[in-house]
Structures are given as C-alpha cells and as structure tokens.
Amino acid sequence: MNAPVQLNQAGQISHPFKKESFADVSYEEMIARTKELIPFLASEAAANEKQTHLTDAVVNKLHESGLFRYQQPKMWGGMEVDFRAFMEVPYLLGLGCPSTGWVFANVASHNRQLAQWPMQAQEDIWGENPNALIASGVAYVQGKGEKVDGGLLLSGYWGFSSGVDICEWNMLSCLVKEDDKVVDWCVCLVPREEYEIINDWQTMGMCGTGSRSVKCENVFVPAHRVLSMNLRDPNHEFPGFRVHQNSMFKVPTSSVGGNGIAGAMIANARMMLTETTDWIKSKNTSYTGAKMADIPTLQMKIAIADGKIDAAYQWLTGNTIEAELAYKDNVVFDIPTKLKYKRNTAMAMKMANEAVDLLHELLGANGIYEKYQFERRFRDAHASAGHMVFSLDAQLIPFGLVSLGGEFKSPTM
C-alpha cells in the first residue's frame, strides 16, 4: 500500500491507514521495522530536501509500519512501547535521513503528549482517525488566548512547526492574559483547516523537515482541547492520566524532550563519520600519492570524531533510560534535575556537531561538492544547532544558576 497523501475538500489529509491497530507490536518488532526502513529513507533523503518536506512515499511507509504510533496509547491502537524508544527510533531513522528522523521525533512525540489531554479531545482526533498526525508551535509568547464562554479564542504566528505539511492537527501554545497579566500557559489543539501554513521554509539545512510557520486569528478552541501547562498551579493535573497510567506518558517533555531530535542529529554525525571513513580508505592524496588512511593526523581525527559521537549517543541514551526508570519508580523530577537533563542534551549535541565539523575540515575541498553527502551532513548539523534545546547559552546558564543557589522561575517546567 503506497497511495499518495491527499487533501479532501475541507483541507484535511485523507489517507488509507485509518483503523489499523498496532497494539500487539512488540518492542523488538518495532525496532526491526525501523531498521528495515533505513535504506529506503536514505534513497528518499534528496527528494525530501528538494521539496522541503517529507515525500508521500516516506510518510506512507511510516504509516504502514505503524511507527508514527509507537508511543500512542494501546487503547487507541498504538504500540505504547517503553520510553527508551523516544530517542532510539529517531536515531535509527536518522541513519537513513536526518530530516525524517527529526520530523518523526516531533510528530510522533505528540501522540505521547496527547495522552495528557481530556478523553474528549483524544476522541476528537483518534476516534475518527487514530493515524492522525499532529504538529506543534511551542513558543507560548507567539500565541494569544482570550477566555470566552466554552473555551479560548486563539490568535498567533508560530515558527518552526516541523512536519506541518503532513499533519492533520497542531498543538499551538499561547499565553492567556487578563488585564494585561498572564494568568495561564496553555496548549491548544487546532485542526488543519483552522490555521494557515506559511511557505517560509527556505533554509541552508534540515530542508526536508518542512518546519514552516503557521498562523491563525480568533479561532475558537473548545475547553476540552485546551490544556494548561502551568505546573506551578497546586491544582494542576493532566486529565488524561486518570486513564493512561503507563509511566512512559509521565516522563516530562521539559526534561528529556529534546533527546528525540538529538537522536536524529547524532545519527547525522554517525553517517558523516561512516561516509568520511569509507572515502578516506579509498583515496590517495592528490599531491603526494600517499594513502590517506596511513596519515597519522587523519587517524587521530577519526578517533576523536568517533569518540565524540559515541559519547553523545551513550550519554543521551543513558539519560533517556534513567528518566524512564525514575518514573517507573514514581519519581517526579524537580527543577534542578530537569535542568540537568536539558544541559546534557545541549552538551551532547555540541559534541556530535563538533565531530561533524572536524570531519568536514579533514575532507578539505572534497567536503564542498554536492556529488557527496558530506556537504549536506555539514549543513544539516549547523541548521539543527540553532534549535533552542541545543543552545548552550539557553540550557547551561539556568543549570548553573540553580547550582549556585539561585532560583529558576518557569511555570511550565
């Protein structure tokens, strides 16, 4: 089954994968299905980049495999696998195409987050189509919510909504104000026909992610599709947890939520190393004729790059598993712990991207040719490094602050 993605007259995505259940797929089977896709994704990477979003063929393969639903509740036909897959699956997909791994990490993670919503909201989306995909606009300050009878009026302009072209819904964040004072931090579920996608994703790298902007004005969002993220409110709760008890759903996105996209980009670094190593093994130097593989400085740089990539992968894999085990033991992370994991994500990605830079440098002029994938790896690494969760300034300073006795104030942490 490989039918193209189609839009119906209402502007909604229509595809043939609506009522299949993947609740019986084991963790091992899920990993096997993921690995099977790597060669195909590699063959589609250039097409993803050219059209600036995932191809229909890629989207349909992911639907067929059920992978989009790897952390969706079993009661809706999802796999509901252990949280360690949160990073592992995007990493494996990223070995084929980092943009695919990135989009997958974003879009599929929203199934895990939707488990927090009231059951009526889950029914609105999964009742009709359990394969529905959800994008996001995560910056609260980019959205404005006005309280009205029965819900919110939502307006805003959100950037970096990765994978939005292939999604039927969007999770759009907003500030809710009363008398110019912020009273709540909310995320709203909005169907595709009620927001506009802005074709502004013309970038130097990560082109295939289609991380376009979206906007809407005075869209009514019923109360059951509005979720408060004000964790500082002593009465706060996630209504969906009354039903979904698996600890996997409770691991906070505010701590290790960046590890999914990090997995895709560590895979980008890993493939840069693999391709560079293979290239060096096959080449002599242009001017002396010496075998490149015999040059000690190249040997050292390969070792350094490999070590940085391996350290980044092992570090974040370990953090993801630590978070999983903690919540299985009913541990709730405090602010310093959440900031520690955010620090680790940023530092690990710094190491992985340093490895890409080191490899690109040793390639010399060969690293700039489009006939090789080296230049795309380099561009993708630097484009992804701009993400807030990978910013050392944004993620290390708060950790240092609390370590030295200061207070980090964030209602959504």
Side-chain angles (χ1 to χ4, degrees), residues 7-13 52-53 103 106-107 109-110 113-114 116-118 120-125 128 132-203 209-233 236 238-240 253-254 257 386-389 394 409-413:
L7 295 182
N8 61 25
Q9 290 182 345
Q12 300 169 322
I13 293 176
T52 70
H53 61 78
V103 170
N106 278 281
V107 171
S109 72
H110 297 147
Q113 291 175 252
L114 185 56
Q116 301 171 341
W117 256 262
Q120 186 178 352
Q122 297 178 42
E123 176 66 34
D124 285 354
I125 297 178
E128 178 182 349
L133 302 181
I134 309 167
S136 64
V138 299
Y140 293 92
V141 296
Q142 293 179 340
K144 174 187 175 183
E146 178 185 349
K147 288 186 177 181
V148 294
D149 288 344
L152 290 180
L153 279 183
L154 178 67
S155 299
Y157 193 112
W158 297 263
F160 306 106
S161 190
S162 295
V164 67
D165 294 278
I166 67 172
C167 292
E168 292 93 334
W169 290 79
N170 216 310
M171 291 181 171
L172 299 175
S173 302
C174 68
L175 299 177
V176 180
K177 294 184 178 181
E178 292 181 357
D179 299 324
D180 291 327
K181 179 182 179 181
V182 177
V183 296
D184 209 350
W185 293 255
C186 295
V187 182
C188 302
L189 289 168
V190 182
R192 182 184 179 107
E193 60 269 23
E194 294 183 4
Y195 57 85
E196 179 184 353
I197 300 173
I198 310 301
N199 185 19
D200 60 357
W201 192 243
Q202 294 82 40
T203 58
T209 66
S211 301
R212 309 186 204 285
S213 299
V214 299
K215 69 177 182 179
C216 66
E217 185 173 356
N218 293 326
V219 169
F220 176 71
V221 185
H224 69 275
R225 291 192 206 149
V226 178
L227 187 66
S228 172
M229 298 299 293
N230 183 9
L231 303 183
R232 295 292 181 92
D233 183 346
H236 180 273
F238 291 122
T253 300
S254 59
H387 196 288
M388 183 64 71
V389 298
K409 298 180 179 180
S410 172
T412 61
M413 280 283 289

Just by distance, do the side chain of Ser155 and the backbone of Asn218 share a donor-acceptor pair under 3.5 Å?
-> yes

For the residue pair Arg212 and Thr52, confirm or rule out a side-chain donor-acceptor distance under 3.5 Å.
-> yes

Return the minimal non-hydrogen interatomic distance between Phe238 and Leu231, and the atom names on each side.
-> CZ-CD2, 3.9 Å

Are any side-chain N or O atoms of Ser228 and backbone N or O atoms of Asn230, one a donor and one an acceptor, separated by less than 3.5 Å?
-> yes

Find the distance between CE (Met229) and CE (Met413) and round it off to the nearest 0.5 Å.
-> 11.0 Å

Minimum side-chain heavy-atom gap Glu194-Phe220 below 4.5 Å | no

Decide yes or no on side chain to side chain contact (heavy atoms under 4.5 Å, CB included) for Val176 and Trp185, but give the supporting numbers first.
-> CA-CA 6 Å; Val176 180; Trp185 293 255; over 6 Å; no

Could you check Leu154 against Cys216 for side chain to side chain contact (heavy atoms under 4.5 Å, CB included), going step by step and ending with a plain yes or no?
-> CA-CA 7 Å; Leu154 178 67; Cys216 66; 4.0 Å; yes

Sub-3.5 Å donor-acceptor pair from the side chain of Glu168 to the main-chain atoms of Leu133, do we have one?
-> yes

Are Leu152 and Lys147 close enough that some pair of their side-chain heavy atoms sits under 4.5 Å apart?
-> yes

Are any non-hydrogen side-chain atoms of Leu114 and Gln122 less than 4.5 angstrom apart?
-> yes

Using a 4.5 Å cut-off on heavy atoms from C-beta on, say whether the side chain of Tyr195 contacts that of Trp158.
-> no

May I ask you to decide if Cys174's main-chain N or O and Gln142's side chain share a donor-acceptor pair within less than 3.5 Å?
-> no

Quick one: does Arg192's side chain have a donor or acceptor within less than 3.5 Å of a partner on Asp165's backbone?
-> yes

Is a side-chain donor or acceptor of His110 paired with a backbone partner of Asn106 at a separation under 3.5 angstrom?
-> yes

Taking the side chain as every heavy atom from C-beta outward, state whether Val221 and Leu189 have any pair of such atoms under 4.5 Å apart.
-> no

Could you tell me whether the side chains of Ser161 and Asn170 share a donor-acceptor contact shorter than 3.5 Å?
-> yes

Side chain to side chain contact (heavy atoms under 4.5 Å, CB included) evaluation trace for Ile198 with Tyr157 = CA-CA 10 Å; Ile198 310 301; Tyr157 193 112; 3.6 Å; yes

Carefully, step by step, assess Leu172 and Val219 under the rule side chain to side chain contact (heavy atoms under 4.5 Å, CB included).
-> CA-CA 11 Å; Leu172 299 175; Val219 169; over 6 Å; no

Heavy-atom pair of closest approach, residues Ser162 and Ala135 = O-CB, 4.0 Å

Can you tell me if His53 uses its side chain to pair, donor with acceptor, with the backbone of Ile166 under 3.5 Å?
-> no

Taking the side chain as every heavy atom from C-beta outward, state whether Cys167 and Val107 have any atom pair closer than 4.5 Å.
-> yes

Taking all non-hydrogen atoms of both residues, which atom of Trp169 and which atom of Ala132 are closest, and how far apart?
-> CD1-CB, 4.4 Å

Do side-chain atoms of Asp200 reach the backbone of Ser213 as a donor and acceptor pair under 3.5 angstrom?
-> yes

Taking the side chain as C-beta and beyond, is there a heavy-atom pair between Pro239 and Leu227 under 4.5 Å?
-> yes

How many angstroms lie between atom CH2 of Trp201 and atom OG of Ser211, to the nearest 0.5 angstrom?
-> 4.0 Å

Counting only N and O atoms by type, is there a donor-acceptor contact under 3.5 Å from the side chain of Gln120 to the main-chain atoms of Trp117?
-> no

Is the side chain of Ser173 donor-acceptor paired with the backbone N or O of Gly137 at a distance under 3.5 Å, no angle test?
-> yes

